[in-house]
Asker: 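The structure under discussion is supplied below as structure tokens; questions concerning it will follow.
Just so we're clear, the structure is a prediction, and the values are computed from it rather than from any experiment. So that the names make sense, note that chain A is the first sequence line, chain B the second, and so on, each numbered from 1.
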Protein chains: 4
Amino acid sequence: MPNDTPPRGRPRIAELDERILDATRALLAEHGYLGLSMEAVAKRAGVGKQTLYRRWPRRPLLVYQAYFGGAARTGAELPDTGTLAGDLQLATAYQDHVFKQPGTVELISGMVADCLVEPDLMAALRENMMRPDLEVAAVIFARAVSRGELPGDTDIHAMAEIMAGAMFAHHVLYGEDRPGFRQALATTLAKLAD
Amino acid sequence: MPNDTPPRGRPRIAELDERILDATRALLAEHGYLGLSMEAVAKRAGVGKQTLYRRWPRRPLLVYQAYFGGAARTGAELPDTGTLAGDLQLATAYQDHVFKQPGTVELISGMVADCLVEPDLMAALRENMMRPDLEVAAVIFARAVSRGELPGDTDIHAMAEIMAGAMFAHHVLYGEDRPGFRQALATTLAKLAD
Amino acid sequence: MPNDTPPRGRPRIAELDERILDATRALLAEHGYLGLSMEAVAKRAGVGKQTLYRRWPRRPLLVYQAYFGGAARTGAELPDTGTLAGDLQLATAYQDHVFKQPGTVELISGMVADCLVEPDLMAALRENMMRPDLEVAAVIFARAVSRGELPGDTDIHAMAEIMAGAMFAHHVLYGEDRPGFRQALATTLAKLAD
Amino acid sequence: MPNDTPPRGRPRIAELDERILDATRALLAEHGYLGLSMEAVAKRAGVGKQTLYRRWPRRPLLVYQAYFGGAARTGAELPDTGTLAGDLQLATAYQDHVFKQPGTVELISGMVADCLVEPDLMAALRENMMRPDLEVAAVIFARAVSRGELPGDTDIHAMAEIMAGAMFAHHVLYGEDRPGFRQALATTLAKLAD
DNA sequence: TTGTAACCGAGACGGTACGTCTCGTCTTTCA
DNA sequence: TGAAAGACGAGACGTACCGTCTCGGTTACAA
């Protein structure tokens with residue numbers, strides 16, 4: 001029963017979604033997350049403010065959709081290399097790649113800051129943005145457990161947070177990426193399998 | 001020769017610094033970081049806007065001073081427990097405590113977001129806010145190396161980032177602190193000494 | 001074709017014009033022209049600053065509207081007394097009355113000062129404020145010409161400027177109205193008919 | 001007894017007067033009267049604000065001094081041409097010349113506007129700026145009386161105000177000088193002698 | 001056919017805050 | 001005491017967005 005209340009009135013023009021998201025991406029590229037205003041998005045998209053607010057009532061929701069394209073971020077599983085060490089190499093390399101996309105760092109921290117004042121938003125952000133990353137990471141450790149590399153009582157979730165969180169902090173907080181970091185992180189976590 | 005050019009003109013009223021910082025702290029407590037406006041600080045402190053901007057031209061600078069009190073954060077060394085495992089327990093417990101101060105999480109992410117748009121500010125923030133934490137963490141690993149618990153070529157700095165960064169991400173990004181996390185982190189890093 | 005471009009968007013609330021003008025008049029009475037700020041008008045009228053600036057982007061424009069009520073100043077013709085001398089008596093007496101309204105002198109010179117820095121404003125001010133007065137005066141001399149009291153080549157416009165200008169200067173510049181002045185002006189100009 | 005109280009304390013540096021007046025003239029030329037601030041004058045002259053305020057506590061006083069050089073405006077008598085008509089030609093031509101100096105119009109109305117809010121200032125302005133002009137004009141009519149061109153009971157002062165005031169209004173208020181005006185004014189006033 | 005309901009672009013609305021400017025006074029040090 | 005420098009409280013300036021609302025007009029489905 002996905003559509004219990006049949007749509008009344010004029011249906012939304014689907015094309016406008018794309019116009020708005022395109023405008024959002026353009027402005028994001030030009031002015032960054034904090035320099036992006038709903039006002040400007042509406043104007044750029046040639047759309048009334050109401051139309052914009054009706055579809056994305058908050059900036060982070062709009063930006064998330066524009067940047068990550070909704071379903072695009074559903075934890076696309078990484079290939080199984082056969083060992084924890086190999087999986088960690090792959091995963092950290094992937095994360096590195098994501099954070100090095102220009103604007104990503106500012107976007108993420110801007111969204112976090114925006115969302116923190118509204119618990120509902122923060123929950124949504126975690127659900128949509130952080131959880132997929134964590135799940136990708138969790139899969140790696142779950143595999144290691146099933147392989148017997150790690151003990152059965154390993155806190156899978158905590159390990160995932162350590163990996164994803166350390167990567168996040170490294171790129172967002174501490175800036176200037178040193179090449180050794182990714183390696184050190186992968187090695188440290190692989191040590192658990194010894 | 002710290003003061004080569006003698007001060008000209010009317011000197012600043014030192015007391016106003018305190019009045020302003022007090023006002024900042026009060027408003028921070030009431031409205032959080034993002035709800036804090038320079039306008040309101042000036043009014044609350046009973047101070048002209050110019051006076052405020054003259055001393056702290058940017059919000060993050062003001063808030064940093066108000067919240068961390070400048071020199072207060074110069075990496076107060078943690079006691080040496082004699083083992084890496086012990087030190088890690090202490091350090092993670094301390095970090096946990098810091099992040100659980102109400103408002104800390106929002107404040108940190110707000111400041112990070114604010115600072116990211118201005119590279120100078122971000123540099124200052126790293127220098128003042130992140131570096132002390134990292135140094136505390138680095139000391140722990142340096143001790144472990146000198147004890148012989150860790151090999152001599154250990155990337156001290158990376159290890160510090162992993163520890164501090166994972167703690168940060170855990171509290172700021174992933175919310176809802178689970179008691180097991182701190183333990184898992186400490187254990188994981190202690191495993192390096194095996 | 002008075003309304004070629006149909007109004008788009010939400011129409012302005014006509015009532016606000018009156019609220020704003022009322023507030024302007026009140027503040028004008030309390031603080032005079034130079035003591036009147038756009039800020040205060042907006043606050044007094046209970047109106048956003050944007051709303052005020054949208055309608056009257058400059059102080060003199062607002063004050064002119066508030067004080068003279070726009071169309072109110074379209075050269076209300078003076079009655080024909082039958083002689084130039086009589087008309088001049090009437091006209092100068094009327095001008096005297098106008099300038100003796102409290103605040104008028106300060107208002108006029110304030111507006112002139114404000115407008116002089118922006119040629120467009122000055123043009124508007126002349127069009128709206130000075131021209132009607134000059135036209136009233138010009139009518140008097142035009143009548144005298146048609147009566148045959150003055151020669152056909154009389155510079156009507158110049159005479160009007162002499163009359164209105166002398167009255168203006170007398171009240172605004174030279175202050176302390178001496179009763180004889182008005183009479184002397186009327187007599188002098190009437191002499192032309194001899 | 002010109003100097004009963006001997007000067008105490010450090011004597012003023014006479015040269016600063018000139019520095020300040022020079023700065024005033026420069027800023028006047030660049031930004032006009034209304035664009036001139038005491039703040040900017042002090043900075044430009046390289047002088048403390050107190051020093052400036054001590055010597056000229058109000059803007060119009062400063063500007064008057066800077067522009068007219070104090071004693072420069074003591075009604076330098078115009079030559080006697082032998083007839084009222086001739087004197088009027090000379091006088092109006094002179095006035096025309098004065099008003100056509102660039103910036104004069106804005107300066108005069110700005111100063112008037114500034115002074116009108118403070119009766120003391122207005123009195124000073126009249127005494128220093130308007131009276132000399134009026135006296136020059138009055139002399140013309142006084143001569144005409146003594147020649148017998150005008151009756152003995154002529155209101156000399158009123159006639160002076162008409163002449164000077166009409167010229168003022170013509171240039172300041174009504175803008176765009178038409179060449180015929182000066183002539184019309186002179187002719188009209190000369191008509192009194194018929 | 002005629003409601004009726006939600007859509008649309010545009011933009012007005014009351015607000016808040018921004019960062020800059022000027023005001024006229026006050027307070028320091030140096031001469 | 002004068003002078004230079006500049007801090008001080010106050011508050012206006014004009015701009016930018018916020019999120020809501022209101023207009024006239026446009027689709028769609030339902031009666």
Side-chain angles (χ1 to χ4, degrees), chain A residues 6-16 19 35-43 45-55 57-59, chain B residues 5-16 19 34-43 45-55 57-59, chain C residues 6-16 19 35-43 45-55 57-59, chain D residues 7-13 15-16 19 35-43 45-55 57-59:
Chain A
R8 303 262 314 193
R10 173 178 179 175
R12 293 189 181 169
I13 299 173
E15 178 214 334
L16 293 186
R19 287 235 310 267
L36 178 129
S37 68
M38 297 296 268
E39 197 102 18
V41 170
K43 177 158 288 180
V47 135
K49 287 174 67 174
Q50 196 74 278
T51 301
L52 174 56
Y53 274 97
R54 209 179 280 129
R55 296 166 190 231
R58 300 280 169 210
R59 183 170 64 165
Chain B
T5 46
R8 304 270 314 206
R10 175 176 178 173
R12 295 190 179 169
I13 300 175
E15 180 214 332
L16 292 185
R19 287 236 309 268
L34 290 154
L36 179 128
S37 68
M38 297 297 268
E39 197 103 17
V41 170
K43 177 159 288 180
V47 135
K49 287 174 69 174
Q50 196 75 279
T51 301
L52 173 55
Y53 275 97
R54 208 179 282 130
R55 296 166 188 232
R58 301 280 169 209
R59 183 170 63 165
Chain C
R8 306 268 313 210
R10 175 176 176 173
R12 295 188 179 171
I13 300 174
E15 179 214 333
L16 292 186
R19 288 236 308 267
L36 178 131
S37 70
M38 297 297 268
E39 199 101 17
V41 169
K43 177 159 289 180
V47 135
K49 285 174 67 176
Q50 196 77 279
T51 301
L52 174 55
Y53 275 97
R54 209 179 281 129
R55 296 168 188 231
R58 300 281 169 209
R59 182 170 64 164
Chain D
R8 303 256 313 182
R10 174 175 175 176
R12 294 190 178 172
I13 301 174
E15 178 214 334
L16 293 186
R19 288 236 308 269
L36 177 131
S37 68
M38 296 297 269
E39 199 99 18
V41 170
K43 177 159 290 180
V47 136
K49 288 173 66 175
Q50 197 72 281
T51 301
L52 174 56
Y53 275 97
R54 207 178 284 129
R55 296 167 189 230
R58 300 281 169 208
R59 182 170 63 164

Asker: Need one value for R55(D): base, sugar-phosphate or nothing, where a base atom within 4.0 Å counts as base even if backbone is also close, heavy atoms only.
Answerer: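 R55(D): backbone/sugar contact only, no base atoms under 4.0 Å.
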Asker: Find the distance Q50(A):CD to dG24(F):P and express it as a whole number of Å.
Answerer: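 Interatomic distance, CD of Q50(A) to P of dG24(F): 17 Å.
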Asker: Can you sort out the partners of R19(B) under salt bridge (Lys or Arg N to Asp or Glu O under 4.0 Å), two or more places apart, ordered by chain and number?
Answerer: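 With neighbours one apart ignored, the set is E15(B).
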Asker: Go through the N and O atoms of the side chain of K49(B) and the base of dG9(F), and report whether any donor-acceptor pair is under 3.5 Å.
Answerer: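 Side chain to base: no pair present.
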Asker: Regarding R58(D), tell me which of base, sugar-phosphate or nothing describes its non-hydrogen contacts under 4.0 Å with the strands shown.
Answerer: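 Sugar-phosphate contact only.
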Asker: Which pairs of donor and acceptor atoms, one on a side chain in residues 47-54 of chain B, lie under 3.5 Å apart (sequence neighbours left out)?
Answerer:
{"from": "K49(B)", "atom 1": "NZ", "to": "E39(B)", "atom 2": "OE1", "distance (Å)": "3.2"}

Asker: Along nucleotides 25-30 of chain F, 5' to 3', which nucleotides get a B, which get an S, and which get a -, given that the test is a protein heavy-atom distance under 4.0 Å?
Answerer: BBBS--
Asker: For R58(C), which residues count as a side-chain hydrogen bond (donor to acceptor under 3.5 Å, both in side chains) partner, sequence neighbours excluded?
Answerer: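 Only E118(C) meet the side-chain hydrogen bond (donor to acceptor under 3.5 Å, both in side chains) criterion with R58(C).
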Asker: Rounded to whole Å, how long is the line connecting atom CD of E15(B) with atom C1' of dG9(F)?
Answerer: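 To the nearest whole Å, that distance equals 14 Å.
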Asker: Please state how far atom CZ in R19(C) lies from atom P in dC13(E), giving the value in whole angstrom units.
Answerer: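 That distance rounds to 10 Å.
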Asker: Whole Å only: how far is the CD1 atom of I13(A) from the C1' atom of dA6(E)?
Answerer: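 The distance from CD1 of I13(A) to C1' of dA6(E) comes to 12 Å, rounded to the nearest Å.
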Asker: Looking only at the side chain of T51(B) (C-beta and beyond, no hydrogens), which of the listed nucleotides dG9(E), dC8(F), dA17(E) gets closest?
Answerer: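 The answer is dC8(F), which lies nearest to the side chain.
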Asker: Let me know, please, whether V47(C) or M38(B) comes out on the 5' side of the other along DNA chain E by nearest nucleotide.
Answerer: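 Mapping each residue to its closest nucleotide by heavy atoms, the 5'-most match is V47(C).
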Asker: Can you identify which nucleotide, out of dG14(E), dA7(F), dA4(F), has its nearest atom closest to the R12(B) side chain?
Answerer: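 Output: dA7(F).
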Asker: Figure out the CG/P separation between L52(C) and dT15(F), and round it to whole Å.
Answerer: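 It works out to 12 Å between those atoms.
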Asker: Select one nucleotide: of dG19(F), dG2(F), dC8(F), the one nearest the side-chain heavy atoms of R54(D).
Answerer: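 Given the options dG19(F), dG2(F), dC8(F), the side chain of R54(D) is closest to dG2(F).
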Asker: Starting at atom NZ of K43(A), determine the distance to atom P of dA12(E), rounded to an integer number of angstrom.
Answerer: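 Atom NZ in K43(A) sits about 10 Å away from atom P in dA12(E).
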Asker: Side chain of Y53(D) only, please: which of dT27(E), dG24(E), dG14(E) is the nearest?
Answerer: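 Selected nucleotide: dG24(E).
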Asker: Would you mind telling me which of dA3(F), dC17(F), dG9(E) lies closest to the side-chain atoms of L16(A)?
Answerer: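 In terms of side-chain proximity for L16(A), the closest of dA3(F), dC17(F), dG9(E) is dG9(E).
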Asker: R55(C): what forms a side-chain hydrogen bond (donor to acceptor under 3.5 Å, both in side chains) with it, not counting sequence neighbours?
Answerer: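 Expected list: D17(C).
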Asker: Please report, rounded to the nearest Å, how far the P atom of dG24(E) is from the CZ atom of R59(D).
Answerer: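 Roughly 9 Å, once rounded to whole Å.
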Asker: In this structure, how many angstroms lie between the C1' atom of dT16(E) and the CD atom of E39(A), rounded?
Answerer: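 Result: 14 Å.
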